[in-house]
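The block underneath contains the structure these notes are about, expressed in structure tokens.
If you read the sequence from its start, that first residue is 1, and numbering goes on from there.
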Amino acid sequence: MAVVTRVIPCLDVAAGRVVKGVNFLNLRDAGDPVELAARYYEQGADEIIFLDVTATVDDRSTTYDVVRATAEQVFIPLTVGGGVRSTDDVARLLAVGADKVGVNSAAIQRPELVGEIADRFGAQVLVLSLDVTRSASAPSGFVVTTHGGRRETELDALAWAAEVIDRGAGELLVNSIDADGTKQGFDLELVAAMRELSRVPVIASGGAGSVGDFAPAVRAGADAVLAASVFHTGELTVGDVKRELTASGIEVR
């Protein structure tokens with residue numbers, strides 16, 4: 001496990017605006033992505049993750065513009081996901097200023113993509129995003145979903161995580177669909193299960209509601225903790241989270 005815990009704000013972007021919902025539904029406007037990214041950079045964020053949640057071809061140019069504008073102002077790693085289907089998509093995002101890319105649905109449709117990206121750019125560029133929900137149908141009790149959590153696959157989440165690591169993923173972004181936007185805390189059981197099998201960093205996502213929610217996720221095995229709505233609304237700052245982690249004996253940057 002990484003010695004230093006990262007705190008990562010996440011911006012879900014649709015048509016050039018940041019949006020936020022609960023359990024990936026009822027999305028509402030939360031602001032300008034470039035302004036928010038700059039604010040989080042000033043607050044001491046370790047990284048920023050952009051997820052293009054609509055990811056249609058029409059929005060591609062908007063996403064590139066947003067990434068370029070953000071990269072000009074924000075000098076921390078920038079991960080961009082949503083609609084990445086080929087190594088050429090990765091190359092374009094890196095060219096406009098992304099440091100890493102997040103891949104989810106395209107890897108499920110064609111697992112070979114994971115290895116292709118890792119071979120061309122290096123594993124450190126590839127963040128494999130998993131939208132996970134609890135399901136009795138999966139051996140582990142967790143199943144992978146697509147389409148923003150609305151469609152369950154037949155992939156057991158832990159088996160899929162192990163496979164993508166073997167294929168070359170450099171990091172796992174583990175998002176609990178059940179916890180997403182609920183502000184009831186991270187799914188600690190899910191984080192711990194991922195930590196046990198993963199030899200790459202694990203980012204815990206989904207459920208942060210209070211400053212006290214982050215340390216338990218790190219103790220469960222997260223190398224990084226991610227939040228969205230609590231930062232967008234101003235309920236918490238990145239500094240608040242880092243101070244609480246420090247007070248809990250967890251090292252931060």
Side-chain angles (χ1 to χ4, degrees), residues 1-2 5-6 8 10 12 20-26 49 51 53 79 81-82 102-115 126-210 212-230 248 250:
M1 197 164 95
T5 298
R6 291 169 289 150
I8 306 177
C10 181
D12 293 326
K20 193 59 201 164
V22 177
N23 305 123
F24 277 50
L25 301 173
N26 303 318
I49 291 182
L51 297 177
V53 293
T79 298
V103 177
N104 184 347
S105 300
I108 293 169
Q109 290 160 3
R110 199 172 67 80
E112 294 78 16
L113 178 62
V114 176
L126 181 56
V127 179
L128 204 293
S129 182
L130 302 97
D131 291 333
V132 178
T133 190
R134 288 172 178 268
S135 172
S137 68
S140 70
F142 296 103
V143 71
V144 175
T145 69
T146 60
H147 299 79
R150 288 185 287 279
R151 205 173 290 180
E152 286 191 18
T153 69
E154 293 181 353
L155 288 171
D156 181 280
L158 299 189
W160 175 238
E163 179 179 339
V164 295
I165 291 168
D166 286 342
R167 287 181 179 273
E171 201 161 5
L172 299 180
L173 169 53
V174 182
N175 186 45
S176 168
I177 296 298
D178 305 308
D180 178 73
T182 63
K183 302 187 179 180
Q184 300 296 305
F186 294 92
D187 187 330
L188 302 180
E189 189 184 342
L190 174 60
V191 174
M194 288 291 178
R195 170 76 282 145
E196 195 172 333
L197 68 84
S198 180
R199 61 179 181 271
V200 302
V202 173
I203 305 168
S205 168
S210 72
D213 288 335
F214 294 88
V218 177
R219 292 196 191 99
D223 299 277
V225 282
L226 177 150
S229 50
V230 288
S248 301
I250 293 165

Is [Y] close to [X] at the side-chain level, that is, under 4.5 Å between some pair of heavy atoms?
X      : Y      : result
Val202 : Glu196 : no
Leu130 : Leu173 : no
Thr153 : Trp160 : no
Thr145 : Arg151 : no
Ser205 : Val174 : no
Val114 : Leu126 : yes
Leu190 : Val132 : yes
Leu172 : Ile165 : yes

Hey, could you give me the [atom1]/[atom2] distance between [X] and [Y], rounded to the nearest 0.5 Å?
X      : Y      : atom1 : atom2 : value
Thr5   : Arg219 : OG1   : CZ    : 10.5 Å
Ser210 : Lys183 : OG    : NZ    : 10.5 Å
Phe142 : Glu189 : CZ    : CD    : 4.5 Å
Cys10  : Leu226 : SG    : CG    : 4.5 Å
Asn104 : Gln109 : CG    : CD    : 9.5 Å
Ser135 : Ile177 : OG    : CD1   : 13.0 Å

| said: Between Arg6 and Val225, does the side chain to side chain contact (heavy atoms under 4.5 Å, CB included) criterion hold? Intermediate values first, please. | reply: CA-CA 6 Å; Arg6 291 169 289 150; Val225 282; over 6 Å; no
So which heavy atom on [X] is nearest to which on [Y], and how close?
X      : Y      : result
Ala222 : Val191 : N-CG1, 3.6 Å
Pro201 : Asp223 : CA-OD2, 3.3 Å
Ala204 : Phe186 : O-CE2, 3.4 Å
Thr182 : Gly207 : OG1-CA, 4.3 Å
Ile8   : Ala224 : CD1-CB, 3.8 Å
Leu128 : Ala107 : CD2-CB, 4.0 Å

| task | For atom CD of Glu154, decide whether the heavy atoms of other residues, nucleotides or ligands shown that lie under 6.0 angstrom number more than 12. | result |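 12 or below, so no.
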| task | Determine whether more than 12 heavy atoms belonging to other residues, nucleotides or ligands lie under 6.0 Å from atom CZ of Arg110. | result | yes
| request: Tell me yes or no: between the side chains of Asp178 and Thr133, is some donor less than 3.5 Å from an acceptor? | output: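 The criterion, which ignores hydrogens and geometry beyond distance, is satisfied for Thr133 and Asp178.
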| field | Donor-acceptor under 3.5 Å (Arg195 side chain, Gly221 main chain) | value |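 Side chain of Arg195 to backbone of Gly221, a donor-acceptor pair under 3.5 Å: yes, one is there.
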| field | Backbone N/O of Ser176 and side chain of Asp180: donor-acceptor pair under 3.5 Å | value | no
| request: Step by step, work out the salt bridge (charged side-chain N to carboxylate O under 4.0 Å, His left out) result for Asp187 and Arg134. | output: CA-CA 10 Å; Asp187 187 330; Arg134 288 172 178 268; 3.0 Å; yes
| message | Determine whether Ile108 and Leu155 satisfy the following criterion, side chain to side chain contact (heavy atoms under 4.5 Å, CB included), listing intermediate values before the conclusion. | response | CA-CA 9 Å; Ile108 293 169; Leu155 288 171; 3.8 Å; yes
| Pair Arg150 + Asp131, salt bridge at N-O below 4.0 Å |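 Answer for the salt bridge query: no.
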